[in-house]
Protein chains: 2
Amino acid sequence: MPNDRMSGRPGPTLRSQILLYGLLGGGLIALLRLIEYRWLVLDHSIEIYGGLIAALFAGLGVWLGLRLTRPRETVVVREVVVEGGAAFVRNDAEVEAMGLTPRELEMLELVAVGLSNREIAARAFVSENTVKTHLSRVFDKLGASRRTQAVQRARQLRLIA
Amino acid sequence: MPNDRMSGRPGPTLRSQILLYGLLGGGLIALLRLIEYRWLVLDHSIEIYGGLIAALFAGLGVWLGLRLTRPRETVVVREVVVEGGAAFVRNDAEVEAMGLTPRELEMLELVAVGLSNREIAARAFVSENTVKTHLSRVFDKLGASRRTQAVQRARQLRLIA
DNA sequence: CCCGAAATCATCCCTTCGGGTGACGCGCGG
DNA sequence: CCGCGCGTCACCCGAAGGGATGATTTCGGG
């Protein structure tokens, strides 16, 4: 099951921040004018004035931009697959190596689900004797002498589920 | 295996951007002065002037801040667990429900690995007859009539690996 | 102290399984 | 055409497995 998390913080609303900065800006301008009338009666006061405002608001803008964006900077998508279906995949290479024919593998599978030779014969539409010969060959190829042993071997080699 | 990706883009260097914005600011101030000398000979031109600069640089700052931060805004951590060992855990509740005794479960496990009654007897230091009685009870409790069937049932109920 | 669950072993009987051997038909490739 | 692998079936025999029943011991709880 995927698990997503996104960081977010409460803090002041956007509306109140705009209001605050507006007032701050107004106050700043008034302050600057006052300063100018006091002791900034220079020729190029206009450049200094503009430069100050520019620098201040640029910094403010950067800070504001950062602050507004920050909550989005850690979008973490964590995807964890827990014990999926893990569908069985037959190890065909091993089947080949063991020299098992399709029919033999089929019989082996039926043995694995706990059927008797008689039941297997019925399900595969062949005689019980045929099942026995097939299984004999299977046991021989897998090096098993009992059906439970054959099933165990086949499972280890991923021949059957 | 975890797989991390972080978006990044080439673009202009920070140094060249600062230079660019500095020149832009200088040019802007010159432009504003020119405009003022042409037709902005008002009483409150100083407020308009400052406001314009403030607004422009604030916007510039916001844009700059956003631009600098943007590359970090998509940090995606994708963690995928690929069907690990998935160690076997016995379903003890089911064992209880089946009424299997420890000894019976032990015998069942030995059957599952393909051993004959004789081999099981040797491994558990009991007589073959004992193994048979234990297994008889197991088959009875699991509703099985053959050892392969019992193994299959036990596997489904997660009584054995 | 007795009961009952669990573990142990045994004996009888029948079924199932596994090994060995032989045989027949079919299709494919040398 | 012949050989070979595959699938099919049959018979025999001994070993293994499974069902039923009974007996003994040990241990823990009522």
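Convention: sequence-line order gives letters A, B, ...; per-chain numbering from 1.
Looking at A/R103 and A/V126, their side chains come closer than 4.5 Å, going by heavy atoms from C-beta outward.
Listed nucleotides: D/dG19, C/dT16, D/dT8. Nearest to the side chain of B/S136: D/dG19. Set against D/dT8, C/dA7, D/dG7, the side chain of A/P102 has D/dG7 as its closest nucleotide. If you check C/dA7, D/dG7, C/dC17 against the side chain of A/H134, the one that comes closest is D/dG7. Comparing D/dG22, D/dG17, D/dT8 by their nearest atom to the side chain of B/T133 picks out D/dG22.
When heavy atoms are screened at a 4.0 angstrom cut-off, B/N117 is found touching the sugar-phosphate backbone but no base atom. Using a 4.0 Å heavy-atom cutoff across all strands shown, B/S145 reaches sugar-phosphate atoms only and no base atom. If you check every strand for non-hydrogen atoms under 4.0 Å, A/T130 touches a base. Within 4.0 Å of A/D140, counting heavy atoms only, lies no atom of the nucleic acid at all.
When each of B/G99 and B/S127 is assigned the nucleotide of DNA chain C with its nearest heavy atom, B/G99 is the one assigned upstream, toward the 5' end. Across the interface with DNA chain D, nearest-nucleotide mapping of A/K132 and A/K141 shows A/K141 to be the residue nearer the 5′ end.
Between D/dG18 and B/R147, a contact under 4.0 Å exists linking OP1 or OP2 to a side-chain N or O. The side chain of B/R118 places an N or O atom within less than 4.0 Å of a non-bridging phosphate oxygen (OP1 or OP2) of D/dA16. At the phosphate of C/dC9, neither OP1 nor OP2 sits under 4.0 Å from any side-chain N or O atom of B/N129. When the side-chain nitrogen and oxygen atoms of A/S116 are compared with OP1 and OP2 of C/dT15, none of them lie within a distance under 4.0 Å.
Side-chain N or O atoms of B/Q156 include none that pairs as donor or acceptor with a backbone N or O of B/R153 at under 3.5 Å. Although no hydrogens or angles enter the test, the distance criterion places no donor-acceptor pair under 3.5 Å between the side chain of A/R158 and the main chain of A/R90. Of the possible polar contacts, one joining the B/R146 side chain to the A/G114 backbone as a donor-acceptor pair under 3.5 Å is found. A donor-acceptor contact shorter than 3.5 Å links the side chain of A/K141 to the backbone of A/G99. Side-chain atoms of A/R155 come within 3.5 Å of backbone N or O of A/A161 as a donor-acceptor pair.
Atoms CD (B/E104) and C1' (C/dA7) sit 9 Å apart, rounded to a whole Å. Atom pair A/F125:CZ and D/dG7:P shows a separation of 17 Å (rounding to whole Å applied). A/E119 has its CD atom 12 Å from the C1' atom of C/dT16, to the nearest Å. Following rounding to the nearest Å, B/F139 (CZ) and D/dA20 (P) show an atom-to-atom distance of 13 Å. With rounding to whole Å, B/M107 atom CE is found 14 Å from D/dG18 atom P. Atom-to-atom, CG of A/L135 to P of C/dG20 comes out at 15 Å; the value is rounded to the nearest Å. The distance between atom CD of B/E106 and atom P of C/dA6, rounded to the nearest whole Å, is 15 Å. What separates CZ of A/R137 from P of D/dC9 is a distance of 13 Å, to the nearest Å.
Between the side chain of B/R103 and the base of D/dT26, no donor-acceptor pair under 3.5 Å is found.
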